[in-house]
Amino acid sequence: MLRRRPRRWAATSTSALPTRGSGALSAGSTPEFASINPPGPLHIAHGRGTILGDSICRVLEFTGHAVQREYYVNSDNTQTRKFGASVYARLHGEEPPEGGYTGDYVTELAEMAHHDLPDIEKLSEEEAEPKLRMYALAKMVEQIKATVARLGVRYDEWFWENKLWEAGLPQKGIERLRAAGYLKEKDGALWFGDPADQEEEDRVVIRSNGQPTYFASDLGYLLSRFEQRGYQRVIEVWGADHHGYVPRMKSAIAALGFDPEKLVIILHQMVNLKEGATRSGQKVKMSKRAGRFVTLDELIDRVGSDAVRYFYLLRSPDTTIEFDLELAVTQGNENPVYYAQYAHARLTNVEAAASEHHAQLPVQADVQLLVHPWELDVARQLAFWPDVVEDATAMLEPHRIPYYVHDLATAVHRFYHAGNAQSEHRVVVDDPKLTRARLELCRAARHTLKTALDLMGVSAPERM
RNA sequence: GCCCCGCUAGCUCAGUGGAUAGAGCAUCUGUCUUCUAAACAGAGGGUCGGGGGUUCGAAUCCCUCGCGGGGCACCA
């Protein structure tokens, strides 16, 4: 029903621990989203970028776009070097350096490295750190993979930053910017600046100590996607705390000679947990919980993947999420997740119940027989679906889908309930033609609910 | 100081210039002998943060002020 000319796309996203963003997509074929700096577990805000990016990908795929999901793994920046140095310190029974990583998992990583990397202790820090860093990062990436898999998210590519340097892409980007007059030396460092833009501050590309900044890697990553791989559009999903970086990315891509419009950066606001006595709308306790931070795994443990995805997708990216833990775990009519899923389960059930009568039913459904308001309302909702998909695709706003799902579920429940109130309004009635027509409505509604829930990454159970 | 996001019902939020501003939760009242009551029907609840402006028409666009959150590195 929704047929579109396939375009080349790509999605990439970048989520961030201390790292930028969270996800990106490129059209023609490549989104990148949720690329969190790996030296730590995903927390609840990363989940937002991950789910948002993933649903954008799902919608794009559904509308015929080729999509490549990428997770950009930082491996050569200051943060990850400190991470490697922290593992090195633990390996030698020492405290991590200033600004390093102190969690118990760092000690565990050191122990694992001790077993897996022979003679690693004999190497100097200079030699050992990169090895330990890559080893520990790979372990962290495995963890992140496992976590996002619980949400039904799968990346086509875990793109390692070091591959960029091995391929010489950042170097190539720098040379191109130099040739175009965007680079200058100052205080021993190499700076990027648009000569035509006085507003924008200059940005360090190579530090005075000779080490590149993440900006240099980004140049390479842009080249990788736009030039080497030819993506028509790149979508990146970032946490709003990185919004200040957007203008620089736009300048960079323009300076490299590409259309800045082809780099789409989607920003999302933060996530807070709400719990406590909120039922009557009184106490609201924010749970950033001093010191203790809530990981994405903990949230999934507590409310399940469906609820996490549904509640996250329910909000516009511009809105800070107040995640209502109590509501999300409620197995009742107040929980929108179950409300939608129940509509699907009911329809599945009624179709199954009708199957024994199938032999007596006409092959063709005559939908003209559907005349009651509750029947027409379902049909009306179904007619809206293509527009919802189109809007969600064009604006890259998956949050439109759960609202639609709710509206369709409401129509379905009302339709179904008419049969509860009066038996002649049931789907399966004595009149075979009428039964057939109503079954057709059920089939269409169930299919649409299933499709919409799929785009959200939420399951559509057949019975509840 | 500068930049970004938000401010809509008690709470959480939809609503990209068009009809009387919507939903969920919460509160109150009804409905199961059933193809699934995890559902349905109904009620109350609003200066769309304040003030200007543009427009035939503004929650929506512009200006301004206030409040809350997030940013302004040779970190990402």
Donor-acceptor list for residues 451-464 of chain A side chains, cut-off 3.5 Å, not counting sequence neighbours:
from	atom 1	to	atom 2	distance (Å)
A/T451	OG1	A/H447	O	2.8
A/D454	OD1	A/K450	NZ	3.3
A/D454	OD2	A/K450	NZ	3.1
A/S459	OG	A/D306	OD2	2.5
A/S459	OG	A/Q341	NE2	3.2

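Relative to the six-membered ring of A/W191, A/K186 meets both conditions, a distance below 6.0 Å and an angle of at most 45° to the axis. Remark: A/R178 is not positioned above the aromatic ring of A/Y182, lacking an NZ or CZ atom under 6.0 angstrom from the ring centre and at most 45 degrees off the axis.
Taking every side-chain heavy atom of A/D241 into account, B/G70 is the closest of B/G70, B/C35, B/U16. With distances taken from any side-chain atom of A/R315 to the nucleotides B/A14, B/C74, B/C5, the minimum falls on B/A14. Each of B/G15, B/U12, B/G71 was ranked by its minimum atom distance to the side chain of A/R400; first place goes to B/G15. Comparing B/C35, B/U31, B/A14 by their nearest atom to the side chain of A/H417 picks out B/U31. Here the nucleotide nearest the side chain of A/N420, chosen from B/C4, B/A37, B/A41, is B/A37. Of all nucleotides listed (B/C35, B/U31, B/C13), B/C35 comes nearest to the side chain of A/V427. Across B/A37, B/C13, B/C74, the shortest atom-to-atom separation from the side chain of A/E322 is found for B/C13. The side chain of A/R414 has B/A41 as its nearest neighbour among B/U16, B/A41, B/U31.
Contact between the side-chain N/O atoms of A/Y339 and the OP1/OP2 oxygens of B/C40 is found at a separation under 4.0 Å. A/H413 has no side-chain polar atom (N or O) that falls below the 4.0 Å cut-off from OP1 or OP2 of B/A37. A close approach under 4.0 Å does not occur between any side-chain nitrogen or oxygen of A/R203 and OP1 or OP2 of B/A73.
With hydrogens and angles left out, the side chain of A/H406 and the base of B/G24 share no donor-acceptor pair within 3.5 Å. The base of B/C5 has none of its N or O atoms less than 3.5 Å from a complementary donor or acceptor on the side chain of A/H243. Side chain A/S208 to base B/C74: a donor-acceptor pair is found below 3.5 Å.
Summarising the geometry, the separation between OH on A/Y403 and P on B/G15 is reported as 7 Å, rounded to the nearest angstrom. When rounded to the nearest whole Å, the span between CD1 of A/I265 and P of B/C4 equals 15 Å. Here B/G70 presents its C1' atom at 15 Å from CD1 of A/I321, a figure rounded to the nearest Å. Counting to the nearest Å, the P atom of B/G68 and the CG atom of A/D318 are 21 Å from each other. We find that CE of A/M464 is positioned 20 Å from P of B/C35, with the value rounded to whole Å. Look at CD on A/E440: it is 23 Å from P on B/C35, rounded to the nearest Å. Between the OH atom of A/Y245 and the P atom of B/G71 there is a distance of 17 Å, rounded to whole Å. Across the protein-nucleic acid pair, A/L314 atom CG and B/A14 atom C1' stand 9 Å apart, rounded to whole Å.
Two residues are said to be in side-chain contact when any heavy atoms from C-beta on lie closer than 4.5 Å; A/V141 and A/W158 meet this criterion.
Within the nucleic acid shown, A/Y342 comes within 4.0 Å of at least one base atom, counting heavy atoms only. A/E462 comes within contact range of at least one nucleobase, with a heavy-atom separation under 4.0 Å. A/D187 comes within contact range of at least one nucleobase, with a heavy-atom separation under 4.0 Å. Looking at heavy-atom distances under 4.0 Å, A/S423 makes no contact with the nucleic acid at all. As judged by a 4.0 angstrom heavy-atom cut-off over every strand, A/A421 is placed among residues making no nucleic acid contact.
Rounded to whole Å, the C1' atom of B/G44 lies 28 Å from the corresponding atom of B/A58.
Ion pairing of A/E142 with A/K145 is present here, as a side-chain N (NZ or NE/NH1/NH2) and a carboxylate O approach within less than 4.0 Å.
Taking the six-membered ring wherever Trp is involved, the centroid distance between the rings of A/H413 and A/Y342 falls below 6.0 Å.
Although no hydrogens or angles enter the test, the distance criterion places no donor-acceptor pair under 3.5 Å between the side chain of A/T295 and the main chain of A/P41.
Stem list for RNA chain B (at least 3 consecutive Watson-Crick or G-U pairs, distances under 3.5 Å): B:1-7 with B:66-72, B:10-13 with B:22-25, B:27-31 with B:39-43, B:49-53 with B:61-65.
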